[in-house]
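Just so we're on the same page: letters track the sequence lines, and every chain starts at 1. In this text, all values refer to a predicted model and were calculated from it rather than measured experimentally.
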2 protein chains.
Amino acid sequence: MSAANTGVTSLASAALPMPVPAEEYDSCPVTDVVRLMSDKWSMVVLVLLGRRSHRFNELHRSIDGISQRMLTRTLRGLGSSGLVLRQVRPTVPPSVEYGLTPLGESLLEPLSGLAEWAVRNWPEIAAARNRVPTS
Amino acid sequence: MSAANTGVTSLASAALPMPVPAEEYDSCPVTDVVRLMSDKWSMVVLVLLGRRSHRFNELHRSIDGISQRMLTRTLRGLGSSGLVLRQVRPTVPPSVEYGLTPLGESLLEPLSGLAEWAVRNWPEIAAARNRVPTS
DNA sequence: CGGGATCCCCACCGATACTG
DNA sequence: CAGTATCGGTGGGGATCCCG
């Protein structure tokens with residue numbers, strides 16, 4: 001295991017089980033969870049589904065700027081990680097309902113802590129970025 | 001403003017000031033902060049610097065697999081967001097010390113909440129991912 | 001010691017068109 | 001309604017070599 005993993009994992013002082021094929025393994029749970037939400041749309045979907053379940057086109061209308069393709073990929077990604085549940089109902093025309101799993105709901109809590117920090121410290125970050133380096 | 005921004009920002013129930021050039025504006029503080037750490041190396045650097053300040057090659061040796069180029073880019077990125085401080089000391093040979101700013105240190109707290117969640121729920125996420133879909 | 005310059009690959013993402 | 005298929009732009013990231 002690398003020093004990188006040791007460092008990050010120790011944030012929560014825990015070791016991770018490694019069902020790894022004897023190859024190099026350069027991931028850690030924390031990094032993985034952060035990357036889970038770091039794509040352009042996952043967090044928005046997570047938050048919307050945190051309020052209530054939505055149907056596909058309902059999400060599509062609620063999220064400004066997302067394409068059908070990206071909504072599908074986002075939902076599939078969150079689904080394959082066990083955060084989002086997809087329920088197909090055999091109606092005509094077909095109807096698909098998306099909602100959070102208990103795992104998905106439980107993520108919203110630590111996430112809100114980070115969100116609070118983000119909103120509170122956003123001005124300072126923006127200010128730092130606007131200080132253009134000595135270009 | 002889009003429904004997307006409304007949704008994510010409301011995680012912390014706050015509105016963001018928008019000094020935006022009347023164009024489309026598809027970012028929110030929370031997303032931005034998550035993306036800040038979602039690249040391959042930023043979190044590792046953040047955690048290592050959270051323990052103590054490091055010199056460049058000290059970090060380079062501590063982080064397994066990182067290249068000089070990526071270490072430079074990561075430190076520059078965190079620096080331009082105001083999370084990492086770079087101190088050049090006029091010695092011979094030159095010596096550069098990196099450490100966290102107060103802003104950077106304050107981030108570690110909400111981050112550890114997320115880290116705890118990640119480690120605790122990692123098995124469930126991994127299990128969900130290993131359930132190969134009906135291919 | 002602490003970088004910068006260059007090349008190249010690949011995942012992310014948008015746009016568009018088509019379908020059971 | 002709820003997707004899939006395809007194309008192409010863009011930026012992250014690795015490898016390698018060079019510099020004050």
Side-chain angles (χ1 to χ4, degrees), chain A residues 2 4 23-24 26-27 31-32 34-45 49 53-81 84-99 133-135, chain B residues 2 4 23-27 31-32 34-45 48-49 53-81 84-99 133-135:
Chain A
S2 68
E23 305 270 339
E24 288 187 49
D26 63 350
S27 186
T31 301
D32 238 53
V34 169
R35 296 186 87 114
L36 192 69
M37 312 175 302
S38 67
D39 61 73
K40 194 168 180 179
W41 306 107
S42 286
M43 287 203 28
V44 193
V45 170
L49 294 185
S53 291
H54 285 70
R55 295 183 51 180
F56 185 87
N57 277 337
E58 200 175 6
L59 284 172
H60 193 203
R61 281 187 298 272
S62 295
I63 304 177
D64 191 71
I66 198 172
S67 64
Q68 286 189 329
R69 176 178 181 259
M70 287 317 297
L71 181 54
T72 301
R73 289 174 64 107
T74 302
L75 289 167
R76 290 275 196 275
L78 294 173
S80 74
S81 297
V84 160
L85 190 66
R86 176 190 143 111
Q87 294 165 292
V88 186
R89 290 186 306 195
T91 59
V92 174
S95 151
V96 182
E97 189 97 9
Y98 291 93
T134 60
S135 65
Chain B
S2 69
E23 304 271 341
E24 289 188 47
Y25 193 71
D26 62 349
S27 186
T31 302
D32 239 52
V34 170
R35 295 184 88 112
L36 191 70
M37 313 175 302
S38 67
D39 60 72
K40 192 168 181 181
W41 305 108
S42 285
M43 287 204 26
V44 193
V45 170
L48 285 180
L49 294 185
S53 290
H54 285 70
R55 296 184 52 181
F56 185 87
N57 278 336
E58 199 175 6
L59 283 172
H60 193 203
R61 280 187 299 272
S62 295
I63 304 176
D64 191 72
I66 197 174
S67 65
Q68 285 189 330
R69 176 179 181 257
M70 287 317 296
L71 181 53
T72 301
R73 289 173 64 112
T74 302
L75 289 167
R76 290 277 197 273
L78 295 173
S80 75
S81 296
V84 160
L85 191 65
R86 175 189 142 111
Q87 294 165 291
V88 186
R89 290 185 307 194
T91 60
V92 174
S95 152
V96 183
E97 189 98 9
Y98 292 93
T134 60
S135 65

When the distance from [atom1] of [X] to [atom2] of [N] is rounded to whole Å, what number comes out?
X	N	atom1	atom2	answer
A:Asp39	D:dG12	CG	P	15 Å
B:Gln68	D:dC18	CD	C1'	11 Å
A:Arg89	D:dG3	CZ	P	13 Å
A:Leu36	C:dC12	CG	P	12 Å
B:Tyr98	C:dG3	OH	C1'	8 Å
A:Met70	C:dC12	CE	C1'	7 Å
A:Trp41	C:dC13	CH2	P	9 Å
A:Ile66	C:dG14	CD1	P	7 Å

Contacts of [X] that satisfy side-chain hydrogen bond (donor to acceptor under 3.5 Å, both in side chains) - sequence neighbours left out:
X	value
B:Arg76	none
B:Glu97	B:Arg89
A:Gln87	none
B:Ser38	none

Between the protein and nucleotides 5-7 of chain C, are there any N/O to N/O pairs under 3.5 Å, and if so, what are the atom names and distances?
{"residue": "C:dT6", "atom": "O4", "partner": "B:Arg69", "partner atom": "NE", "Å": "3.1"}

Starting at the 5' end of DNA chain C and moving along, which residue's nearest nucleotide shows up first, A:Pro94 or A:Ser67?
->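 Checking each residue's closest nucleotide, the 5'-ward one belongs to A:Ser67.
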If you check the [X] side chain, which of [options] turns out closest?
X	options	answer
A:Arg73	C:dC12, C:dG2, D:dA2	C:dC12
B:Lys40	D:dG14, D:dG3, C:dC13	D:dG14
B:Pro93	C:dC1, D:dA2, C:dG14	C:dC1
B:Arg86	C:dG2, C:dG14, D:dG3	C:dG2
B:Thr72	C:dG3, D:dC1, D:dG13	C:dG3

What nucleic acid atoms does B:Thr91 come within less than 4.0 Å of, heavy atoms only: base, sugar-phosphate, or nothing?
->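 Answer is nothing: B:Thr91 stays at 4.0 Å or more from every strand.
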By side-chain contact (heavy atoms from CB on, under 4.5 Å) - contacts of [X] (at least two apart):
X	result
A:Leu36	A:Ser81, A:Leu83, B:Arg129
B:Ser67	B:Arg69, B:Met70
A:Glu58	A:Arg52, A:His54, A:Arg55, A:Arg61

Look up atom CZ in A:Arg73 and atom CG in A:Leu75, then write down how far apart they are to the nearest 0.5 Å.
-> 12.5 Å
So, is A:Arg76 close to the D:dA2 phosphate, meaning a side-chain N or O under 4.0 Å from OP1 or OP2?
->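 False: A:Arg76 side-chain N/O out of range (4.0 Å or more) of D:dA2 OP1/OP2.
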Would you mind telling me which residue lines up with the more 5' stretch of DNA chain D, A:Val96 or A:Arg35, judged by nearest nucleotide?
-> A:Val96
Between A:Arg55 and B:Ser38, which is nearer to the 5' end of DNA chain D once each is assigned its nearest nucleotide?
-> A:Arg55
Check B:Val45 against B:Thr74 and note the closest heavy-atom contact, atom names and distance.
->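 Looking at all heavy atoms of both residues, the shortest contact is CG2-CG2, 3.9 Å.
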Considering all heavy atoms of both residues, which atom of A:Tyr98 and which atom of A:Leu49 are nearest to each other, and what is their separation?
->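 That closest heavy-atom pairing would be O-CD2, 3.5 Å.
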Could you give the angle between the helix axes at the two ends of the helix from C:dC1-D:dG20 to C:dG20-D:dC1, with five pairs per end, rounded to 10 degrees?
-> 50°
